[in-house]
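Below is one structure; the comments refer to it alone.
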Amino acid sequence: MEKRTPRLGDIQETLLIPLYARAVETRKPRGMLKDPRAVDMVDALDYDFSRFDGAKSLLGANLRTLLFDLWVRDFLDRHPSGTVVEIGTGLNTRFERLDNGTVHWFDLDLPDVIALRRNFFEDTDRRRMLAASVTDSDWLEEVRSSSPGPYFLAAEAVLIYLEEEQVRSVLRQAGERLPGAHLALETASARMIDAQDSHDVLAGMAARMRWSCDDPRAVEHWQPGLRLTDSRTLAHLPAPVARQLPLPLRLVLRFMATVRRRDIEAYRFNLFRFASE
Ligand SMILES: C[S@@+](CC[C@H](N)C(=O)[O-])C[C@H]1O[C@@H](n2cnc3c(N)ncnc32)[C@H](O)[C@@H]1O
């Protein structure tokens with residue numbers, strides 16, 4: 001089969017990192033997750049994925065994915081027919097992992113990514129792709145008017161690539177249009193942003209993280225009623241995620257939590273809830 005060359009902008013290209021991370025993990029006999037679609041997509045793309053081989057970031061990406069999966073699964077347990085919006089979806093396969101037969105789902109990303117995504121995924125009556133920037137507000141109106149609440153917005157490895165002003169604007173508009181919605185996002189400290197030129201994969205790519213946030217609790221003050229309902233680091237994952245990890249990895253993470261505390265605290269995964277109407 002002829003391979004497809006991904007033609008992507010600089011930030012968009014970063015979607016290949018978590019895609020490859022899931023494929024590598026799936027190929028392991030006792031990997032922490034199984035994503036056969038990721039393996040198929042990696043095989044179908046003409047791209048030198050070997051540049052990511054051995055990077056510790058692949059592990060971090062998979063741990064982050066397991067946590068976001070857990071948060072979305074918890075939401076669906078409480079609201080089986082609610083709506084999930086995967087913001088900056090890339091070639092993510094969360095729907096494949098979590099579909100319960102009743103959820104409504106949107107996969108949103110920039111037009112070149114959605115064009116690539118359409119080679120591998122199709123719209124259905126419960127799942128649709130949206131080609132738009134998260135910074136435009138039209139998609140929020142589209143989601144609100146065509147899909148039932150409550151809403152869960154999963155922004156995995158996306159908003160850190162925007163300027164803080166843009167992140168503030170996204171949150172302001174989402175809070176206005178989808179009151180009561182849940183929002184999962186990660187924060188990177190100024191220390192992590194400053195060190196990104198020596199990041200194990202980003203150093204070799206053109207994309208750069210822009211939004212630095214030392215304390216996710218500060219985001220609560222951006223708008224009335226916005227609440228931080230959970231915040232985790234790689235070393236403090238909830239028990240259902242930690243249980244999926246091999247014991248040696250759990251021990252390494254525990255070790256890092258004490259010895260590399262500043263590095264661990266630099267990167268946080270956060271769950272917010274917007275004020276209800
Ligand atoms: C590191 S990738 C993460 C992909 C996916 N969330 C995952 O975990 O597999 C970053 C993604 O954010 C998307 N992105 C960046 N800026 C965006 C914007 N302004 N609007 C929508 N998506 C954006 C990129 O196109 C890319 O797919």
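Small disclaimer: the values here were computed from a predicted structure and weren't measured. Just so you know, ligand 1 is whichever comes first in the structure, and atom 1 is the first atom listed for that ligand.
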Counting heavy atoms only, which of N92, D107, I160, D136 comes nearest to atom 7 (C) of ligand 1?
N92
Closest protein heavy atom to atom 3 (C) of ligand 1, given as residue, atom name and distance to 0.1 Å:
E156 O, 3.6 Å
Just how far is it from atom CG of L226 to atom CZ of F274, taken to the nearest 0.5 Å?
6.0 Å
Out of G88, S133, A157, who is nearest to atom 10 (C) of ligand 1 when you count heavy atoms only?
A157
Separation between CG (L237) and CZ (R243), nearest 0.5 Å, reads 12.5 Å
Any idea which atoms of ligand 1 are less than 4.0 Å away from a heavy-atom of G90?
27 (O)
List every atom of ligand 1 that sits less than 4.0 Å from any heavy atom of V113, numbering the atoms from 1 in the order shown and giving each element.
25 (O)
Which bit of T14 gets closer than 4.0 Å to ligand 1, counting heavy atoms only: side chain, backbone, both or neither?
both
Check ion pair R117-D107 (N to O, under 4.0 angstrom)
yes
With a 4.0 Å cut-off on N to O distance, would you call E176 and R172 a salt bridge?
no
Please identify which atoms of ligand 1 are closer than 4.0 Å to at least one heavy atom of Q12.
24 (C), 25 (O)
Considering D109, I11, D10 one by one, which has a heavy atom nearer to atom 23 (C) of ligand 1 than any of the others?
D109
Could you tell me the separation between the CG atom of N62 and the CD atom of E25, rounded to the nearest 0.5 Å?
5.0 Å
Using a distance-only test with no angle check, is there a side-chain donor-acceptor pair under 3.5 angstrom linking E156 and T65?
yes
protein heavy-atom neighbour closest to atom 16 (N) of ligand 1 works out as L110 CD1, 3.9 Å
Point-to-point distance, once rounded to the nearest 0.5 Å, from CZ of R168 to CH2 of W211:
9.5 Å
Nearest-option assignment for atom 20 (N) of ligand 1, heavy atoms, candidates L16, V134, I17:
V134
Just jot down the ligand 1 atoms closer than 4.0 angstrom to any heavy atom of L15, in number order.
2 (S), 27 (O)
Roughly how far apart are R210 CZ and L162 CG, rounded to 0.5 Å?
10.5 Å
Just to be sure I read this right, does ligand 1 sit under 4.0 Å from the backbone of R22, its side chain, both, or neither, counting only heavy atoms?
side chain
Counting both backbone and side chain atoms, is some N or O of T135 under 3.5 Å from an N or O of ligand 1?
no
So for atom CD, which belongs to E165, do other residues, nucleotides or ligands contribute more than 12 heavy atoms lying within a distance under 6.0 Å?
no
